[in-house]
Amino acid sequence: MGILIWGFPKGFEMAGQKFQLGYLDFQEVLKLCSLYVIIKENLSEFMKTFYITTAIDYPSSKPHLGHAYEKICADALARWHRLLGEQVFFQTGTDEHGTKIQRKAKEAGKDPQNFVDEMVVYFEELCKKLDISNDKFIRTTSKEHVKVAQEIFKKLHDKGDIYLGEYSGWYCADCETFYTEKDLVDGNCPTHGKKADWIKEESYFFKMSSYQKQVLEHLEKNKESVLPSGRRKEIVNRVKQGLNDLSVSRVNVNWGVPVPINPKHTQYVWMDALLNYYSGVKEKDLEKFWPANVHVIGKDILWHHTAIWYSILIAAGIKLPKTVFAHGFINTEAGDKMSKSKGTVIDPIEIASGYGVDAIRYFLLREVPFGQDGNFSIEALKTRINNELANELGNLVNRTIVMLEKYCGGKIPKGETDSALQKQLKLDKIKDRMEKLEMHFALAEIFAFISACNKFINDKAPWKLEGKEREKVLYSLADSIRVISILIAPFMPGTSKKINSQLSIKDGKLADCKFNLLKSETKVERGEILFKKTE
RNA sequence: AGCGGGGUAGGGCAGCCAGGAGUGCCCGUCGGGCUCAUAACCCGAAGGUCGGAGGUUCAAAUCCUCUCCCCGCUACCA
C-alpha cells in the first residue's frame, strides 16, 4: 500500500524529513501523518493573534519614567507572544487633544498642531531609545483616527445613546476651562486666582447609565477582564455604585475632534482617546486583531478603561477587549510620588543612556511586581546591574565563551547537555508566569537557571577535566546559554542579540527552548562584555 | 469619612487570594571553597515573638474580628 505524492518532481523535505517522488511505504505514511499534526499545531499558533496596547500618552510635557515603564512592560509582553509564534500587533501612541494642550500651545505661542507635532517627537524618540517594538504609533490627530472617532459618535447618536443636554460647573473665563469644586482655591481659579463662575452650557451626553448592568455582568463573569484580580473587585464595587450619563462634548474647547452632527462641539477627550485602540486596527488586514487581548494602562485610569470604554463598546456593538491590565506607579526611593516641584522626576532617556537600555528594562521588569507600585533608585539599579546582570548573566556568558576558546579552539564541541542541568530549567513555570502576566516572577525563574549554570561550572570544574568529559560540560553550558538568550529576549532584546552573535546563532523561538539543538562546530567568538559594572 | 495598598532578620522584598515546621530572594556582615571568568563564581553561618490583641483550626505570616502606624485614591480633570 502506498500514497502517490504529486507535484514534487524531486521529492521534498519537511521538518527535516525527506520524501522521494513515488509511492510511500507504510513507515513514510506514518511520518506524513505525524508531520500533519505538527503542521496543524504550528498553524494554529501562527493563526493566533495577539493585540496589545499601551495607554496613549498626553504630550503636554516630555515623557518621564512612568511613560517608559508602561511601554517597557507592554513591549516585553508583545515580544513574548512573538516568541510563542503568534501574530502580534502592538500599538502605542499619543492623545493629542484637549484643553491642556490648547493652553500649553498658547503659552508657547504655537498653534496646537505644531505644538503636538514637536512634542510627539519626544515620545517616538523614547520608543526608539527603549527598544520598544511597537507595530504602530497612533496619534489621535491623525485623519484615520478622527474619522473612526466621529463614526462611533454618530453611531451612538443615531442609536439614541447620545442626547443633547446641559453641562454645568465652575468656569474660569481666562483659562476657558471648567474646574471641579476641589480644584478651586477659595472659589478662585487655581491658575489665575480670579473668581470662577458657575455656568451652564450645552453638551452632548452619553447614556452610560443604561449600560451599568451589562458592564457589571461582564466584569463579574470574566475573571480576566481586569487584572490584577484585586483591581477587578475594586472596579466592580464602583460600578455597583452606579454609572451616570457622561458629558461627551464641549463647546468651549475647540482643539478636539469636531462632533460630526454639530461642529460647534468637540468630542470630550476620553470619547476621543479611548477609541484609538479600535481605530488603530480599523483598516484592512488589521481588523482580525480586534478585540484587543490586553490594554496595559496605569491604575489611575482603570475607571475610564472599564466603565466608560466598556459602555461605549457595548453601545456601539463592538466586542470587548479581553483584559485590561492596570500596572502600578514608579515612585521615588522613599516611596513618594515623583514630582516636578520636588525635582524627583527621573528622565528615562538619561537613565537609558547612562546605564544601558537593557539594564533599565530589566530593572523595572524585575524589581517591580507587575501590577504593583515600585520604587526606583539609582542605588537599587546599580545593585541589580552589578550582581544579576554583570556577575551572574554577563560573567556566565563570558567565562563559558572564554573556556570554549581556550579548550575547544573556539568551536562548539560535540556533546549532549547534562540531564541534571536540563532539569534546572523550569520552562513550564516560566510560561505559566508569563501567561499570568507575572513578569517579575518569570524573570526570577529565568535567573534561577542562570544561577544553576554558574553552580554547574563550579561543581564540574571543567578546567580540571579533559577530552570528552570537558567537552560535554562546555557543550551543556553553550547550549544552556542559547536557551537563556531566547528566554531573556523579550526583556533584554539587545543582550539576547549580543549573546546570539557570540554563539553565531540566529534568534530563536520559544519552541527552540529545548536542549541539544546547538550544532557542534559552530564558531564561537568572544564579544564585548555584556554588562559593565558601575561603581 | 469612604475605598484601596502596605507594616516579614541591619536594609530592601517575595510568600498571603486557594492555611501545613519562618519557606525564599537581593544587598550588607562573618567564615570556607574554587581559580574558567567582569576582584567574578560556589558553599556555609549569624540574624526575625511575620505591626499589636483576640478568634477559627490538629495547624495561621496566610482566614475572621478589633486595634495602632505609613501611603495612595475619591471619578465624569488631563
Side-chain angles (χ1 to χ4, degrees), chain A residues 57-61 95-104 167 169-170 177-183 190 203 205-206 208 228-231 233-235 237-239 241-248 253 268-271 273 299-304 307-308 328-329 331 333-337 366-369 371-375 377 379-380 382-384 386-407 438 440-441 444 447-448 450-465 470 473-474 477 526 528-533:
Chain A
D57 300 317
Y58 201 68
S60 58
S61 51
D95 166 21
E96 306 180 7
H97 292 126
T99 48
K100 203 167 170 185
I101 295 277
Q102 197 177 323
R103 209 183 324 144
K104 283 260 181 178
Y167 178 87
W170 294 101
T177 306
F178 278 94
Y179 287 102
T180 59
E181 190 130 13
K182 67 163 189 158
D183 286 333
S203 171
F205 281 83
F206 168 51
M208 194 155 79
S229 58
R231 297 281 167 206
K233 287 175 197 158
E234 206 175 298
I235 217 73
N237 283 334
R238 278 178 73 181
V239 172
Q241 286 167 34
L243 297 185
N244 300 328
D245 287 354
L246 180 73
S247 163
V248 289
V253 178
Y268 169 56
V269 283
W270 280 105
M271 193 53 170
K299 62 179 184 181
D300 55 330
I301 50 173
L302 184 56
W303 174 256
H304 309 83
I308 299 179
F329 291 148
N331 296 321
E333 187 171 3
D336 302 322
K337 233 178 172 173
R366 176 70 189 89
E367 175 87 3
V368 185
Q372 294 181 37
D373 288 357
N375 300 341
S377 74
E379 271 320 301
K382 281 183 187 168
T383 301
R384 288 212 186 258
N386 289 342
N387 288 294
E388 288 153 40
L389 297 181
N391 292 351
E392 289 177 34
L393 173 58
N395 189 42
L396 170 67
V397 173
N398 186 245
R399 65 202 295 215
T400 301
I401 302 274
V402 167
M403 283 192 279
L404 283 165
E405 288 187 337
K406 215 174 225 176
Y407 302 129
E438 297 170 337
H440 54 297
F441 284 132
F447 271 72
I450 292 171
S451 287
C453 289
N454 274 318
K455 182 173 162 53
F456 179 75
I457 300 181
N458 280 58
D459 291 349
K460 297 286 177 186
W463 51 90
K464 283 183 184 166
L465 301 173
R470 178 154 70 192
V473 170
L474 293 181
L477 287 166
R526 195 176 176 183
E528 233 178 273
I529 272 173
L530 293 176
F531 297 97
K532 279 180 197 146
K533 295 220 213 173

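Chain letters run A, B, ... following the sequence lines, proteins first and then strands; every chain starts at 1. Just the heavy atoms: all of them, side chains too, but no hydrogens, waters or symmetry mates, feed the values below. Just so you know, these numbers come straight off a predicted model, no measurement behind them.
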Whether D95(A) side chain and Y58(A) backbone form a donor-acceptor pair below 3.5 Å: no
Residue whose nearest RNA chain B nucleotide is more 5′ - I529(A) or E438(A): E438(A)
For atom CD1 of I457(A) and atom P of C42(B), their distance in whole Å: 10 Å
Watson-Crick or G-U counterpart of C50(B), or none if no pair lies under 3.5 Å: none
Sugar-phosphate, base or nothing in reach of G394(A), heavy atoms under 4.0 Å: base
Any strand: nucleotide that pairs with U23(B) via Watson-Crick or wobble, under 3.5 Å: A14(B)
Minimum-distance nucleotide (side-chain atoms of K455(A) versus A78(B), C36(B), C42(B)): C42(B)
Sidechain-backbone polar pair: N375(A) side chain, N331(A) backbone, donor-acceptor under 3.5 Å: no
Residue mapping more 5' on RNA chain B - nearest nucleotide basis, R399(A) or N454(A): R399(A)
Side chain proximity check, N454(A) to R399(A), heavy atoms < 4.5 angstrom: yes
Which nucleotide in A40(B), C76(B), A37(B) has an atom nearest any side-chain atom of L246(A): C76(B)
Presence of salt bridge, R526(A) and E405(A), under 4.0 angstrom: no
Length of the CG-C1' vector between L530(A) and A37(B), whole Å: 13 Å
A9(B) pairs with, by Watson-Crick or G-U criteria that keep both distances under 3.5 Å: none
Side-chain N or O of K533(A) closer than 4.0 Å to phosphate OP1/OP2 of A40(B): yes
Closest to side chain of K464(A), choosing from A37(B), C26(B), C34(B): C34(B)
Sugar-phosphate only, base, or nothing, as touched by N391(A) at under 4.0 Å among non-hydrogen atoms: sugar-phosphate
Nearest-neighbour nucleotide for the N387(A) side chain, C41(B), C76(B), C27(B) considered: C27(B)
Among C25(B), A78(B), A75(B), the nucleotide that comes nearest once only the side chain of R366(A) is considered: C25(B)
Residue-phosphate contact under 4.0 Å: N375(A) side-chain N/O, C13(B) OP1/OP2: yes
K299(A) side chain, from C-beta outward: closest of A37(B), C42(B), G72(B): G72(B)
Sidechain-backbone polar pair: Y167(A) side chain, F205(A) backbone, donor-acceptor under 3.5 Å: no
Base partner of A61(B), which must satisfy Watson-Crick or wobble distances under 3.5 Å: none
Between G31(B) and A14(B) - P atom distance, rounded Å: 32 Å
4.5 Å side-chain heavy-atom contact, Y407(A) and L465(A): no
Contact check, side chains of V253(A) and Y268(A), non-hydrogen atoms, under 4.5 Å: no
Euclidean distance, atom CD of residue E405(A) to atom P of C36(B) [Å, nearest integer]: 15 Å
Atom pair distance, as rounded to whole Å: NZ in K104(A) and P in A78(B): 15 Å
Atom pair distance, as rounded to whole Å: CZ in R103(A) and P in A78(B): 10 Å
Complementary nucleotide of A45(B), counting Watson-Crick and G-U pairs under 3.5 Å: U29(B)
C1'-based separation of A21(B) from A61(B) [nearest Å]: 13 Å
Spacing between Q372(A) atom CD and G7(B) atom P, to the nearest angstrom: 9 Å
Rounded distance in Å between the C1' positions of C34(B) and G44(B): 15 Å
Residue-phosphate contact under 4.0 Å: Y268(A) side-chain N/O, A78(B) OP1/OP2: yes
Side-chain heavy atoms of V473(A) within contact of M403(A), under 4.5 Å: no
A46(B) to G55(B) separation - C1' atoms, rounded to the nearest Å: 36 Å
Contact under 4.0 Å: N458(A) side-chain N or O vs C34(B) OP1/OP2: no
Contact check, side chains of Q102(A) and K104(A), non-hydrogen atoms, under 4.5 Å: no
Candidates A40(B), G15(B), U35(B) - which lies nearest the side chain of F441(A): G15(B)
D245(A) CG - A75(B) C1' separation (whole Å): 15 Å
Side-chain donor/acceptor contact of N395(A) with base of A37(B) under 3.5 Å: yes
Spacing of the C1' atoms in C30(B) and G10(B) (rounded, Å): 14 Å
Spacing between L302(A) atom CG and C3(B) atom P, to the nearest angstrom: 18 Å
Sugar-phosphate, base or nothing in reach of R384(A), heavy atoms under 4.0 Å: nothing
For U74(B), the Watson-Crick or wobble partner whose two distances fall under 3.5 Å: A1(B)
Side chain of H304(A) (C-beta onward), nearest among U35(B), C41(B), A78(B): A78(B)
Distance between C1' atoms of U74(B) and G12(B) (Å, rounded): 31 Å
Distance between C1' atoms of A9(B) and C13(B) (Å, rounded): 12 Å
Pairwise P distance for A78(B) and C66(B), with rounding to whole Å: 39 Å
Closest nucleotide among A37(B), C76(B), A78(B) to the Y58(A) side chain: A78(B)
Sugar-phosphate, base or nothing in reach of L243(A), heavy atoms under 4.0 Å: nothing
Among A75(B), U38(B), A37(B), the one nearest K406(A) by side-chain distance: A37(B)
Sugar-phosphate only, base, or nothing, as touched by R470(A) at under 4.0 Å among non-hydrogen atoms: nothing
